[in-house]
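Here the structure comes first, spelled out in structure tokens, and everything after it is commentary.
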Amino acid sequence: MMEVEEMTFEDSLKMLEQLVNELENGNLELDKALEIYEKAILLRDRCKKILDTCDRKVQMLIETSEGPKKEDFVIE
């Protein structure tokens, strides 16, 4: 299985939805439920990180007299 930090947004979201469904269905032992919950938190954070990066890229578009100008996005 791929590491969370290497997953695309779509893959992360799909796996997160699967894990949430497992938790909602119940019938899990406590240890297994905690393991799934921890993985879900990692996937949620991965999705948020990707969305935050995309949001910052969109905000980097600057309107000029010649039209939109995109500046390089640098993560600090």
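Side chains are part of it too, since the values below use all heavy atoms of this structure and drop only hydrogens, waters and symmetry mates. Computed from a prediction, not measured in an experiment: that's the story for all the values here.
- Between L43 and L16, the shortest heavy-atom contact is CD1-N, 3.8 Å.
- One distance of note links CZ of F9 with NZ of K49; it measures 14.5 Å at 0.5 Å rounding.
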Working for salt bridge (charged side-chain N to carboxylate O under 4.0 Å, His left out), residues E35 and K32: CA-CA 5 Å; E35 179 184 321; K32 182 66 176 173; 3.7 Å; yes

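- When hydrophobic clusters are built by joining Ile, Leu, Val, Met, Phe, Trp and Tyr residues whose side-chain heavy atoms come closer than 4.5 Å, directly or via intermediates, V4 is not grouped with L13.
- In the hydrophobic clustering of this structure, L34 does not group with L23; members are Ile, Leu, Val, Met, Phe, Trp, Tyr whose side-chain heavy atoms approach within less than 4.5 Å, directly or through other members.
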Between E22 and N25, is the side chain to side chain contact (heavy atoms under 4.5 Å, CB included) condition met? List the steps. CA-CA 5 Å; E22 282 186 58; N25 288 334; 5.7 Å; no

For D52 and K48, run salt bridge (charged side-chain N to carboxylate O under 4.0 Å, His left out): C-alpha distance rounded to whole Å, both residues' side-chain angles, the deciding distance at 0.1 Å, then the answer. CA-CA 6 Å; D52 288 346; K48 184 177 181 332; 2.9 Å; yes

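- With hydrophobic clusters built from ILVMFWY side chains whose heavy atoms lie under 4.5 angstrom apart, M15 does not share a cluster with I50.
- Distance check: E17 CD to K14 NZ gives 9.5 Å after rounding to the nearest 0.5 Å.
- The line from CG of L42 to CG of L19 is 10.0 Å long, rounded to the nearest 0.5 Å.
- Dense packing is recorded around CD of E5, with more than 12 heavy atoms of other residues, nucleotides or ligands lying under 6.0 Å away.
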